[in-house]
2 protein chains.
Amino acid sequence: MISNKMKDLVDNSSIIRVMFEEGKRLSDIYGEENVFDYSLGNPSIEPPENIRVAINQILNESAPNLVHGYMNNSGYEDVRSKIAEFLNKKHNINISYSNIVMTCGAAGGLNILLKTLLNQEDEVIVFSPFFGEYRNYVNNFDGKLVVVPTDINTFEPDMQVLKDKINSKTKVIFINSPNNPTGVVYSEKVIQNLGKILCDKEDELGINIYLISDEPYREIIYDNVKVPYILKYYKNSFIVYSYSKSLSLPGERIGYIVSNTNMDYFKDIMTSLNVANRILGFVNAPSLFQRVIANCLESKVDVSIYQRNRDVLYNHLIKIGCFCIKPQGAFYLFIRTPISDDKKFCIDAKQFNLLLVPGSAFGCPGHVRLSYCLSYEKIRNSLPAFDKLFKLYEVK
Amino acid sequence: MISNKMKDLVDNSSIIRVMFEEGKRLSDIYGEENVFDYSLGNPSIEPPENIRVAINQILNESAPNLVHGYMNNSGYEDVRSKIAEFLNKKHNINISYSNIVMTCGAAGGLNILLKTLLNQEDEVIVFSPFFGEYRNYVNNFDGKLVVVPTDINTFEPDMQVLKDKINSKTKVIFINSPNNPTGVVYSEKVIQNLGKILCDKEDELGINIYLISDEPYREIIYDNVKVPYILKYYKNSFIVYSYSKSLSLPGERIGYIVSNTNMDYFKDIMTSLNVANRILGFVNAPSLFQRVIANCLESKVDVSIYQRNRDVLYNHLIKIGCFCIKPQGAFYLFIRTPISDDKKFCIDAKQFNLLLVPGSAFGCPGHVRLSYCLSYEKIRNSLPAFDKLFKLYEVK
C-alpha cells in the first residue's frame, strides 16, 4: 500500500491523466491539427544550434571520465566560476563559484533549498496565483503553505496582507517573476517594497526570512521589460534558475541556485545545499549538461517567436471582450473566466477542442491559464474556437 | 539558520571534507602519484566508445525538442519498452514499459520508492555493512532504519535476526548485491531463503513487505558469478538500477526502477512513482541520456580491468595476513582491521599515504573499505605501503 502522503496526490494525478487522455481522445476523433492544447508548458522553440555544437566540442576535447564522472555535489567548480563571472558582468554584482550550486533544474533547486531551510510547521508564503508544485515541494518537508493574494487587476502582491501573515513561524517567501501563470514581471518598486517589508519584519520578530526567487522565465521577456536582480534588494535572498525555458532544455534537468554572499548563515547554508543535493538523491546536476551550459551562457532561444504568439492571442482575446493582463514575460496568459466556475469553463472549452487549465490549480479560481507554446499557425487556427466559447456566456 | 534535520548532516559532512582536504594536502606534499586514495567509488574505467557514437547519432537523427524536451515523468515509453524487452530476454521474465520508471540514477530511484512506500515511523531493514546513504534516504521520509547483521565470515544476512526484527511496522527490506562495501554477491539459495521468510512474514502479520534490490553493481562481476534476478523469487520486489558503474556514467544520473507485475497495489505504486519523480523535483531522468542508454543496452565497461585490480590487491593483502573475503563483484575490498578501532586504523594508514574509509561509515566497525577504482600501476605501487601499515600491529 502506498504512503498516506502519496494517496491524495495519486488520486489528483489521475484527474490530470484523465485530462491528458481527453486530449488524446479529441485528437483521435478530430485530428491532432484540430485540437488546441493550451494546457502544457513544454517549450515549443528549438534549442539554439550551439547546444549541439557545444556537446560535440566537449565530447571531442575532454576525457570521457571528466565529462560523465562524479564531481563535487555542488557541481564543477570551473562551470560555477563561469556562471558567477557571467552574472557579475550582467548584473553588476560580485559573487564567485562558492555562491553557486548546480541543480537538477529549478525543481531540484527548490527542493534542496526547502530541505535546507524548513523545520516541520515552518511557513512558506506564496502569492496567488502560484505554480501548483510549490504546494507539493513545501509538503515534502512538512512545511505549511501560506497563500497571500495579489491585486486581481495587476497580480502584484498585496503587501498589507503579506505584513499581516508574516509571523515567527515564517521562514521562506517564494516569488516567481516572470510569473507562471500570469506572465507578470515585478517592477523594481515592487521588489524594493518587498525587500523593505521583509527586512523590517526580520528586525521586528528577530528571525531570518529567506526570499527565494524562482526564475525559470527570466530570459522569456517582451517589450524590453527589466527583471530586477533580487540579490541587490534583499540580503537573505536566493535565485533559483533553470535552462529549461531559456535554452529549451526542460528534459535535461539543468539549473542552479545563487545565494547572496552576505546572507545570514551563508557557510552553513552552502554546505547544507551541497549535502541536500546528495542525500535527496540528486547527487549532482547532470554532468555533460553542466559543461554544455557553461559553453552557452550568452545564448537563448528566439523569444520573438513567443512574442508573436502572445500578440496574436492576446489581441484577439481582448478584441472579443476577454479580461486579461498583457504578459510581460513567460509564455502564459491568465484570463478571467466569464463564469466563476473555472472548472466548468474548461469543460465547456473542450467542446471547441480547446484544452485549458483551471485557475484553481494555481490557487486562483475564476481564471484559466493558456500556455501559448504552440505554433503560430495553430494559435491563429484556434481563434474562432475562442469566439464560440465566449459566445456561450454572452448575455442574450 | 538551517533546519534541525540538516544540522547533524552538515557537521558530519565537514568531517568528510576534512578527509578530502587531507588527501589534497598529502598530494601537495608528496605528489599526487604518491598518494593512494582508496576512498572514492568513482569509476576509473572509461565509458564504452559507443556512448559517444550514440550521442552523435541521436543529435543527428532526432528533432532537438524530442531529445531535450519534457516527456512522461516516468520516462520515454519507447526507451522503457526497449529496456523491458532487453530484461525479458536476459532474465526470462515478462514485463513491459509499464513496469519501468526511468530515474535520476539509483539514488533518485531509491528516494522515489521510499516516498511512495513509507509512512512516518515505518521500518526499513538493511544488512550491515550497508551503503551509508541508506540512512539518509530513510530519514528523508521519517522512516526508521533497522540494522540486521550479517555473518562476519561470509557477509550473508543473519536470517534468524531478520525474522526476529520483522514486525507490523516493517515496510521495506533493502538488499545490495553485488555489495558495497563487501563485494559479496548473494547466491540463489540466499535469495530463495529471503523470499520465503518475507512471504511467510507477510502472511503471518497480514502486511506488505517490499523488497528493494539496489543493483548499481550488477554488471561489475567476476569469475562468472551469477546474480539472481530478484523478481523471480519474491512477489513484492523492486529492482533499482543505475548505469553509473556499468557504463561509467555516474555524473549523468541515469537509471531505472523495475517493479514486479504481480506485486500488491501495482497500479497505485506505479502512479505514485511517477508523481514522486515529479514532486521530489527530479521531474524526469535526464532526457538525452535516456535515449543514449536505450542505444547501448548490450554495452558495458571492460570489467577485466577491475578484476585485475582486485586480484593484485586481494592476493597481496591475503599474503601479508590480512583477513578479507574475495569480492565476487563491485570494486571494493572490505578488510578486517587488526585493531578494533577502525577510525584509528584509517588515521594510521595516512602516514603511508593510504586513504581508506572506516567500516563504521557502513555500520560495521572493525573493518575498512578499499575502493580499487585506481590504475593498476597505482595499486601495485601502493602495496609496500600496506606492508608497512600492517607491520605496525604485528605482535613483537
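Chain letters run A, B, ... following the sequence lines, proteins first, then strands; residues in each count from 1.
- Heavy-atom minimum distance, A:Thr271 versus B:Val10: CG2-CG1, 3.8 Å.
- Residue contact with chain A, scored on non-hydrogen atoms closer than 4.5 Å, involves the backbone and the side chain of B:Leu280 alike.
- The contact between B:Asn284 and chain A is made by backbone and side chain atoms together, counting heavy-atom distances below 4.5 Å.
- In this structure, the portions of B:Glu252 lying under 4.5 Å from any heavy atom of chain A include both its backbone and its side chain.
- With a 4.5 Å cut-off on non-hydrogen atoms, B:Lys7 does not touch chain A at all.
- When all heavy atoms are compared, the tightest approach of A:Pro250 to B:Gly69 is CG-CA, 3.9 Å.
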Practice prompt. Determine, stepwise, if the pair A:Asn140 / B:Lys115 fulfils side-chain contact (heavy atoms from CB on, under 4.5 Å).
Written response: CA-CA 9 Å; A:Asn140 285 338; B:Lys115 174 83 177 172; 2.8 Å; yes
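- Side chain of A:Arg253 to backbone of B:Phe282: a donor-acceptor contact under 3.5 angstrom is found.
- For chain A, no part of B:Phe141 is nearby; none of its heavy atoms comes within less than 4.5 Å.
- Rounding to the nearest 0.5 angstrom, the gap separating the CG atom in A:Leu249 from the OG atom in B:Ser287 is 8.0 Å.
- Between B:Tyr70 and A:Lys245, the closest heavy-atom pair is OH-NZ, 3.5 Å.
- No donor-acceptor contact under 3.5 angstrom links the side chains of B:Lys5 and A:Asn119, judged on distance only.
- Contact between A:Arg52 and B:Leu59 at its shortest, heavy atoms only, is NH1-O, 3.1 Å.
- Of the atoms belonging to B:Asn111, it is side-chain heavy atoms, and not backbone ones, that fall under 4.5 Å from chain A.
- Of the residues B:Thr116, B:Leu118, B:Leu273, B:Val275, the one that meets the side-chain contact (heavy atoms from CB on, under 4.5 Å) test with A:Ile2 is B:Thr116.
- Taken from CG in B:Leu9 to CG in A:Asn274, the straight-line distance is 11.5 Å, to the nearest 0.5 Å.
- Taking the six-membered ring wherever Trp is involved, the centroid distance between the rings of A:His68 and B:Tyr243 does not fall below 6.0 Å.
- Contact of B:Ala276 with chain A is made through backbone and side chain together, with heavy-atom distances under 4.5 Å.
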